[in-house]
Amino acid sequence: MQHSAFIRSGGEILVDALKIHGVDTVYCLPGESFLPVIDALAGATDAIRTIVTRHEAAAANMAEAHGKLTGRPGICFVTRGPGASHAAIGIHTASQDSTPLILFIGQVGTSMRGREAWQEVDYPAMFGGMAKWVVEVDRPERLPELISRAFHVAVSGRPGPVVVALPEDVLGASAEVADAQPYKRVAAHPGADDLARLTAMLEASERPFIIVGGGGWDAKACRDFQRFVEAFDLPVAAAFRRQDILDNHHPNYVGHAGLGPNPKLVARIRAADLILAIGPRLGETTTAGYTLFELPRPAQRFIHVHADPLELGRVYQADLPINAGVREFAAAAAVLKPQTSTGGPAPWSAGVKAARADYLADQIPGSIPGSLPGRLDLGAVMVHLRETLPKDAIFTNGAGNYAIWVHKFHRYGGFRTQLAPTSGAMGYGLPAAIAAKLLEPARDVICFAGDGCFQMSGQELATGCQYGAGVVVILVNNGIYGSIRMHQEREYPGRVFATTLENPDFPALARAYGAFGERVEETDAFADALNRARAFAAQTNKPALLELVIDPEAITPSATLTGLRAAALKAGAGGKSPPDGGKDHR
């Protein structure tokens, strides 16, 4: 049904369009380049909540987390030039993580374009390699049309980010124009022949294995996927940072194909005779630098399900490529049944049980011979968290070696209990946690961050205090950029440079913002400190921060810096400076 046309400013047309498309929250850092939008948002507080951050990168990360949690485009507004540059991190993360997001950027007036006016940027050139679509609105009459298209592009096929540039004179001008209707997501469905062939290939195999991941999942799709897994009794590993698609307590969940995977899991994947990849691109981290499978043709029979036809065959050639959205595929797969089953266990069921046992054994801290130095055992902290927190607690994190403990020892309770960037972006955890808590105020939200990671977005504690986001931040402080130091010791052993951090008093900093802050230096002190932090967050609706001081030697759950250095020296690495023009080895 066509909405009637009436005269409004460009800012009002845009905000009315957001309401029509179901937007209830926008994340922004205000700028004079889009003041008409800010004014229109002031008149729409009954429908849209505006969250003002302290940095544009945080606004973009919050919008990205919103898109992950809801499946609807997260909405971010930033000003031109510097603001857009800061927000670029959210576009990169949304692109690599297949998250629907729309970034609206204020732009110089149309009469000034092409003159390198103040803070002018060519946004199609800037974002063209990251975003699914970049557009600059040229007149207010086109706002309903172009915003509708932005929503359709963000959610259809492989989800991803869209960038819309808004010249300030377009927003301030008035126009008589009709509104569009709400967007409708478009996705491919698997064909009957594809499903029949998939079933036949499964039944002809002896050691099938699923790797699940990618974007576009929702709670129903996860339930449908679980029904399919149970019907065929299939082992499931999660792609990098997609551990919440199948409840980790489920007997068919067997581990995480990401950073620091269980060697037994890697061996099982390599020994499989059929790989069914549902949703993931099978990128560098999930495939251990593209070494997990042979290129371009895996040795195993290979079925690849992906929402983007351009991804199928891009890196790996599949015996059966299926172009389908994960929701559509999961719904179709949920009703499939084994055709030759006699009612007994599948031929590979014993292998599934063994893989599950290996996964559980690997989740015991100290299960690898040797002990890590220091008075605080991060593995024991993780075990306490998984035994104490509700199953639906949301865990967020950015990037750093501390995340290896989180991914290795926590058991995610299903969709959506994990918010972590597959792009490997530092500074993501706290903004994502705040967005999650604002969306899900009744759930525990735990943010993990390293000392380096936290300082990229720690100012957002102020945002959490202002808007009542009672998250718990677990800050792992080892005084170094841990992952970089690890690679430095492997490749340039003993030549430590540019990876040491001098840090502030983190608990005092948290208290200065109005949050809770406490320092924890021993394992036995963590449980009581966690209780105090959770109680503060619940009673005040403000963040609580626990600084966990760990020995920098404990660089992974199974390795020390000294051990890495010794192994590198024994292998003949290091001892000389890199050649001029050498690569960045991070």
Side-chain angles (χ1 to χ4, degrees), residues 21-25 64-74 94 97-101 151-152 154-160 182-192 194-195 198-199 202 210-234 236-239 241-253 276-281 303-308 322-337 390-395 411-420 422 435-436 439-440 442-443:
H21 293 299
V23 172
D24 57 15
T25 306
E64 197 279 341
H66 187 110
K68 271 196 176 89
L69 277 163
T70 66
R72 303 187 304 273
D97 288 37
S98 301
T99 304
L101 183 152
F151 275 88
H152 281 90
V155 302
S156 296
R158 176 186 172 185
Y183 73 91
K184 297 178 177 62
R185 174 178 167 272
V186 178
H189 290 63
D194 289 337
L195 295 170
L198 180 150
T199 303
L202 276 174
I210 292 179
I211 299 178
V212 66
W217 293 87
D218 62 11
K220 179 182 182 302
C222 292
R223 292 192 297 270
D224 288 340
F225 172 68
Q226 180 176 320
R227 289 172 58 194
F228 167 66
V229 167
E230 291 170 348
F232 289 85
D233 195 19
L234 296 166
V236 177
R241 293 181 169 172
R242 303 296 190 180
Q243 292 165 266
D244 62 350
I245 295 174
L246 180 65
D247 185 344
N248 296 181
H249 302 84
H250 194 281
N252 290 74
Y253 181 82
L276 174 52
I278 302 176
R281 294 183 297 109
I303 302 171
H304 195 180
V305 181
H306 202 275
D308 184 357
I322 300 177
N323 177 212
V326 290
R327 301 180 203 177
E328 289 69 26
F329 175 82
V335 299
L336 296 178
K337 302 295 180 186
K391 187 177 174 182
D392 70 347
I394 299 171
F395 276 59
R411 293 177 194 163
Y412 294 90
F415 186 87
R416 173 64 76 183
T417 55
Q418 181 180 36
L419 292 174
T422 70
L439 281 167
E440 299 282 355
R443 294 168 66 180

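None of the values given here were measured: they were computed from a predicted structure. This chain uses plain numbering: 1 for the first residue, then up along the sequence.
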[X] side chain near [Y] side chain, heavy-atom distance below 4.5 Å:
X	Y	result
R416	E440	no
L198	L276	yes
D247	K391	yes
V236	F228	no
L246	I210	no

[X] [atom1] to [Y] [atom2] distance, which is reported to the nearest 0.5 Å:
X	Y	atom1	atom2	result
T70	D218	OG1	CG	10.5 Å
R327	F225	CZ	CZ	16.0 Å
I245	T417	CD1	OG1	10.5 Å
L419	E64	CG	CD	8.0 Å
I394	Y412	CD1	OH	12.0 Å
K68	L101	NZ	CG	10.0 Å

Measure from the side-chain N and O atoms of [X] to the backbone N and O of [Y], and report whether any donor-acceptor pair falls under 3.5 Å.
X	Y	result
H66	P73	no
D244	F415	no
R158	S98	no

Kindly give the heavy-atom pair with the smallest separation between [X] and [Y], and that separation in Å.
X	Y	result
A221	A330	O-CB, 3.5 Å
D224	A334	O-CB, 3.5 Å
G213	A239	CA-CB, 4.2 Å
Q243	N248	O-ND2, 2.8 Å

*Flag the pair D24 and R72 as a salt bridge only when some basic side-chain nitrogen lies within less than 4.0 angstrom of an acidic carboxylate oxygen.*
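R72 and D24: salt-bridged.
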
*asked:* Any carboxylate oxygen within less than 4.0 angstrom of a Lys/Arg side-chain nitrogen, looking at R241 and D97?
replied: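 No, this pair does not count.
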
*Under 30°, 30 to 60°, or over 60°: which ring-plane class applies to H304 and H306, parallel, tilted or perpendicular?*
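Perpendicular, since the angle between the ring planes exceeds 60°.
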
*Describe, in one word, how the ring planes of Y183 and H21 are oriented to each other, choosing from parallel (under 30°), tilted (30 to 60°) and perpendicular (over 60°).*
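Rings of Y183 and H21: tilted, as their planes differ by 30° to 60°.
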
_L234 vs L202, side-chain contact (heavy atoms from CB on, under 4.5 Å): CA-CA, chis, key distance, verdict_ = CA-CA 10 Å; L234 296 166; L202 276 174; 3.9 Å; yes

*Please report the C-alpha distance between W217 and I278 in whole Å, then the side-chain angles of each, then the deciding distance to 0.1 Å, and finally whether the side-chain contact (heavy atoms from CB on, under 4.5 Å) criterion is met.*
CA-CA 11 Å; W217 293 87; I278 302 176; 4.1 Å; yes

*Can you check side-chain contact (heavy atoms from CB on, under 4.5 Å) on L336 and F232, steps first, answer last?*
CA-CA 9 Å; L336 296 178; F232 289 85; 3.9 Å; yes

